[in-house]
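Naming: A, B, ... by sequence-line order, numbering from 1 per chain.
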Amino acid sequence: MAKLTIDKDRCKACGLCVSVCPKKVLQLSEEEFNIKGYTPIKVMAIEDCIGCGMCGMICPDYVIKIEK
Amino acid sequence: MKTVFEKTKGLTDAITHYCPGCTHGISHRIVGEVLEEFEVLGKTVGIASVGCSVMSYDYFNVDMVQAPHGRAPSVATGVKRVLPDNIVFTYQGDGDLAAIGTGEVVHAAARGENITVIFINNGTYGMTGGQMAPTTLLSQVTQTTPKGRDKHNDGFPIRVCEMLSTLEGVVYAERTALDSPKGVMQTKRAVKKAFKSQIEKKGFSIVEILSTCPTNWGLTAVESLKWVEKEMTEYYPLGVYKDKTDKGVF
Amino acid sequence: MKKNTYLMKGNEAIAEGAIRAGCKAFFGYPITPQTEIAAYMSNKMRESGGVYLQAESEISAINMVLGAAATGTRVMTSSSSPGISLKTETISYIAASDLPCVIVDVQRAGPGLGGIQPSQADYFQVVKALGHGDFYCLVYAPSGVGEAVEIIHRAFDKADEYRMPVIILADGILGQMMEPVCFDDEIKQDKLVEKNWATSGHQEKRPPNIVNSLILNVNSLEQKIVDRFKKYEEIKLKEVMVEEYLVDDAEIVIIAYGSTARIAKTAVDSMRADGEKIGVLRPISLWPFPNDKIEEISKKVGNILVVEMSMGQMILDVKAVVEGRCKVDFCGRTGGNVPTPTEIIDKVSSIKRGD
C-alpha cells in the first residue's frame, strides 16, 4: 500500500500526473479550488496506487510526495 | 513507510511562475536533485539567463547570478575561473543560448570551461509570447512565423548538441527529452553525468533538454509531451553526442 | 617601505598598479591603443596568483567580469571606445546589481572604427551613458602614468566601498607614453572590505545570495534606484577630485582633463612667463564633477576656456554649472589630432581681444 501526500496549493491542474498514472489513481477535482484558482488533483483510489513514483517524476510543481 | 519521492532540498519552497504543464519545473527538479545527491549545494553557483527561466534564481537553493541575455556562459566562466573548486552551471533557454548567446556558449565549450550548461530547447521564445527561436521547427507556426517557419526566409533550426560536440573542449554532450517519465529518468541520468564530469574537472558539459511550452504552442500539457516525443525528437535525435568522461578533454 | 622607480608605458603601469591594488582577475580583448594592458596581465597576473583570460569579445569579457565580481573578487577589464560601446549593456547590469569592478577605457578617435590616435570624444558615453537606465559610474581621468597607478588603487577601493563600477578614463597618449613611476618593493595586501552579499556558495550556512537586476515590481525597482541615488549624493559630497594649477589669481581659467590638461599647463607656463594671469582647473574625477569649484571660479573670472580632444562635450557640464556667470569658450581638436600649446595660446589671445 502506498501513501500520497498532495500539496494542493502548488498544483496548477496541468493533468500530467493523471495522464501517466498506470492505475488511474489521480483525477483533477471539479469543485475544489486552490489559492491560485486551479482545480488541484485528488486521490481517487489510493488502494490501487503501487507507489511507482511516475506522477511525482512528471509533476513540474512538486505537488506529490510518495511513500511506500 | 519509505519515501519514494519528495521535493528535493536542491530547490527552495517557492511556487514557480511557470505555466501549468511547463516542463521547466521538471528540469529544475532534476538539477536540484542531482546537486543535492552530490552534496554540492553549498558550493554551487547557478547562472540564470534571460527568458521564462530568468526567475530560476528564486527556485534553486544555491547562490545565483542573473546574467544578461545570452551571456550566462561568460558569467559562469568568470565565476568558475576565480572559484575553480565551486560547481557552476548555467540554465538557459534556446533563445538565450542558440540565438543571442551562440558566441558565448561556443567559446566556453571551446575553452573546455569546467561548467555545466543546462540547455532547455522548447523551440520558442516563451516569456515574450512565443516567437520563432533558432530551434523552431520548419513549418512550425509561431507569433513571428504566422504561416509556419519557412526555410527560404527563416533558415534552418540549429542542432546545438551536434554543433558543440565538434569542439575539443566538450567532455559530455547529450540530448534528452522531457516527454514521458522515461524521458525524465533519462534526463536525470544525463544531468548527473554532466555534473559528475564537472566535479571531476574533466571539461565542458552540456545537456540539451527538449521541453514543452503548452501556452505558446497552443496545446494542452499532455498534448505537448506528445509533440516533443513525435515532432521534436524527429529533428532533434536524442542521444549522447560526446562522451570523453573517462579521460576528460585535457 | 623602499620604493623603486621604473620607466613604464602607461598601459603596463596601469596593469601593474591594478595587480598591486589586489586585482585578482582580468578579462580582456585586444583593441588598440590598450592591448598592452592585456598583454601585461597575461604575463604577470598568474604570477600573482590571479586569473587572466582573453575572451572572445568585449561583451564576453565584461560578462566574465560580472561573474567574478559577483563572487566578491577584485576584478578588472580594459578596452577602448568601440569595445566600451560593446560592454555597456552589461555595465548597466553590473551597476544595477550593485557589483564592484574597475573598467579601464583608453580612448581612441571615433566615431565608428575611427582612428587609433588619442581622443576624449567618449566623455558623454562614459560620464553619462554607460548603459541603459538611471545609473552613474565613478569616473577618474588620470593625466600621468604615476597618477594612473595611484588612481587605479583608489578605484578598486572605491568600487568595493560603494559597490559600483569605477571607470579609469584614459586616452591613447596616456596608454602609450612612458614615464617614471614609483612602486613599493612588495605588494602590500590591504584589508579588503567584507562582502557578505557575494555569491560564492552558501556552504549550507546561510540562505542563497542572489545577484540580480530584474525587479518587475515598479515600486520596488523605483525604491532601489532612489536608494542608489542617495549613495550617488554621498559620493558627490565626498569623492570629488580636482587639481588647481595657478588658478588663485587667474583672470582666465582653462578647464581640461587627462592629457589635454598637461598641454594646457605648458601653454599657461608660457603665458605666465609673458605676465599673463592664466590658470588650469583639472578635474580628476569626471563623475562626480567638480561643480562647486567651477561655480566658485565662474564668480571670479571673466572667461573660462574648455579644451578637449573632441568637438566639445565636457563643455556642456561646465556651462551647466557656470549658468552664464562668465563667458565659456571652447578650443579643441578631434579625429586623433592633439591640441598644441600654441593653439591654446592663440585662443586665449583671441578671447582677451574679445574676438
Please determine, among C:Gly50, C:Ala68, C:Ser57, the option with the most heavy-atom pairs under 4.5 Å with chain B. C:Ala68
Taking every heavy-atom pair that is under 4.5 Å apart, which of [options] has the most such pairs with chain C?
{"options": "B:Val54, B:Ile47, B:Val75, B:Asp58", "value": "B:Val75"}
{"options": "B:Met55, B:Glu104, B:Lys9", "value": "B:Glu104"}
{"options": "B:Gly103, B:Gly70, B:Gly78, B:Gly46", "value": "B:Gly78"}

Is chain B contacted by the side chain of [X], its backbone, both, or neither, given a heavy-atom distance below 4.5 Å?
{"X": "C:Thr73", "value": "side chain"}
{"X": "C:Ala69", "value": "neither"}
{"X": "C:Val51", "value": "side chain"}
{"X": "C:Gln203", "value": "both"}

To check you understand the geometry: which heavy-atom pair defines the closest contact between C:Glu56 and B:Ser74, and what is its length? OE2-OG, 4.0 Å
Shortest non-hydrogen contact from C:Gly201 to B:Asp63? N-OD2, 2.8 Å
[X], [atom1]: over 12 other non-hydrogen atoms inside 6.0 angstrom:
{"X": "C:Lys230", "atom1": "NZ", "answer": "yes"}
{"X": "B:Glu168", "atom1": "CD", "answer": "no"}
{"X": "C:Tyr52", "atom1": "OH", "answer": "yes"}
{"X": "C:Lys195", "atom1": "NZ", "answer": "yes"}
{"X": "C:Lys128", "atom1": "NZ", "answer": "yes"}

Lys/Arg N to Asp/Glu carboxylate O, C:Glu204 vs B:Lys43, below 4.0 Å: no
Between [X] and chain C, with a heavy-atom cut-off of 4.5 Å, which part of the residue counts as in contact: side chain, backbone, both or neither?
{"X": "B:Lys80", "answer": "neither"}
{"X": "B:Val50", "answer": "side chain"}
{"X": "B:Val88", "answer": "neither"}
{"X": "B:Val65", "answer": "both"}
{"X": "B:Leu83", "answer": "side chain"}
{"X": "B:Asn86", "answer": "side chain"}

Residues passing the side-chain contact (heavy atoms from CB on, under 4.5 Å) test with B:Thr3, sequence neighbours excluded, are A:Lys65, A:Glu67, B:Glu6
Checking side chain to side chain contact (heavy atoms under 4.5 Å, CB included) for the pair B:Arg71/C:Ile62: CA distance, chi angles, key distance, verdict? CA-CA 10 Å; B:Arg71 317 310 176 192; C:Ile62 188 70; over 6 Å; no
Could you work out, with side-chain hydrogen bond (donor to acceptor under 3.5 Å, both in side chains) as the rule, every residue matching C:Tyr93, not counting sequence neighbours? none
Close contacts, residues 208-215 of chain C versus chain B, judged by heavy atoms under 4.5 Å: C:Pro208, C:Asn209, C:Ile210, C:Val211, C:Asn212, C:Ser213, C:Leu214
I would like to know whether C:Leu53 and B:Thr77 meet side chain to side chain contact (heavy atoms under 4.5 Å, CB included); could you show each step before the answer? CA-CA 10 Å; C:Leu53 182 57; B:Thr77 299; 3.5 Å; yes
List the steps, then state whether side chain to side chain contact (heavy atoms under 4.5 Å, CB included) holds for B:Thr44 with C:His202. CA-CA 8 Å; B:Thr44 296; C:His202 55 53; over 6 Å; no
Qualifying ring-ring contact (aromatic ring centres under 6.0 Å, His included) pairs, either residue in residues 40-73 of chain B, two or more places apart: B:His17-B:Tyr59, B:Tyr18-B:Tyr59, B:His28-B:Tyr59, B:His28-B:Phe60, B:Phe60-B:Phe89, B:Phe60-B:Tyr91
